[in-house]
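Following: one structure in structure tokens, then a few remarks.
By convention in this document, chain letters (A, B, ...) are assigned in the order of the sequence lines, proteins followed by strands, and residues within each chain are numbered from 1. Being a predicted model, the structure only gives us computed values, none of them experimental. Heavy atoms only: backbone and side chains are in, while hydrogens, waters and symmetry mates are out.
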Amino acid sequence: MLETLFFLIVAAVAVLSSILVITCKNPINSALSLIMTFFCLATFYVMLDAPFMAAIQVIVYAGAIMVLIVFVIMLLNIRSETGKRSNHAVIIGGIMGFFVLFEACYFLNRSKITGTVGNLTKELVNQQGHTELIGKAIYTEFLLPFEITSLLLLVAIIGAVVLAKKKI
Amino acid sequence: MSIHSYLILSAIMFSIGTIGVLIRRNAIVIFMCVELMLNAVNLTFIALSKQLGNIDGQVFVFFVMTVAAAEAAVGLALMIAFFKNRESIDVEDMNLLKW
């Protein structure tokens, strides 16, 4: 009962922050609302027995990506959006978004959850440590994606430096 | 809390992100709405990982976060380079390829 109430409160804050992200005129307000959404999501990850993911969410998303976005907004000195939003874009956007939501809920309602059932339980997470479990999975079964991700980060760093230079 | 509630919430956040991408004109706010969509999918992955008792969903979320970080760096560098040319990051001004 109490868990349901807590979930509803955090979910309401997350949805409200998401709506603020898409409607604020000032991009800094959008960025701050997105940070609030990330914190709500980190709370959900803790409720779903994934504490390492919650920590990574706060560190990487709210701590690195959003800081980068706020830096860029302040570097380019982007002011609040002036002028009216064109009405036909709002209407078509609303229809498409509602269509996506309707389709997702329809498939959610008529589907059953299937898939490989593993042995991850809450007791295992508490006993062995979530970090160790993810580390074991990444370094044994998912080693190739891990190495490719490191290459991807290298490419991203070089790309970001080259794109933002004055003269190449 | 049933898994159904998490999936519905994820669908709601994903559709809000979709609306944001289609409505906004500021390129950085569009990018923030894309990040919102990615996070909605992350929530789906972790909810289903708990439901099935499988660690694979959470490992995938790990890689999605890494890719999102790389994409943030490159995308923002692209916007800075565009701003140097055009003095605006309104997507209405990105019209060189328009017929």
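- Contact check for B/N39 versus A/T37: no side-chain heavy atoms found under the 4.5 Å cut-off.
- Within the 4.5 angstrom heavy-atom criterion, atoms from both the backbone and the side chain of B/V74 approach chain A.
- Neither the backbone nor the side chain of B/V21 has a heavy atom closer than 4.5 Å to any heavy atom of chain A.
- The aromatic rings of A/F44 and B/Y6 stand perpendicular to each other, their planes meeting at an angle above 60°, with 30° marking the opposite boundary.
- Side chains of A/Q57 and B/N42: no donor on one and acceptor on the other come within 3.5 Å.
- Considering CG of B/L52 and CG of A/L120, their distance stands at 10.5 Å, rounded to 0.5 Å.
- From A/I78, atom CD1 reaches atom CD1 of B/I89 across 3.0 Å, with rounding to the nearest 0.5 Å.
- The number of heavy-atom neighbours closer than 6.0 Å to CZ of B/F60, taken from other residues, nucleotides and ligands shown, is 12 or below.
- Surrounding CZ of A/F39 are at most 12 heavy atoms belonging to other residues, nucleotides or ligands under 6.0 Å away.
- Neither the backbone nor the side chain of A/I148 comes within contact range of chain B; no heavy atom of the residue lies under 4.5 Å from a heavy atom of that chain.
- Contact annotation for B/T18: only side-chain heavy atoms (C-beta onward) come within less than 4.5 Å of a heavy atom of chain A.
- A distance-only check finds a donor-acceptor pair linking the side chain of B/K84 to the backbone of A/A164 [under 3.5 Å].
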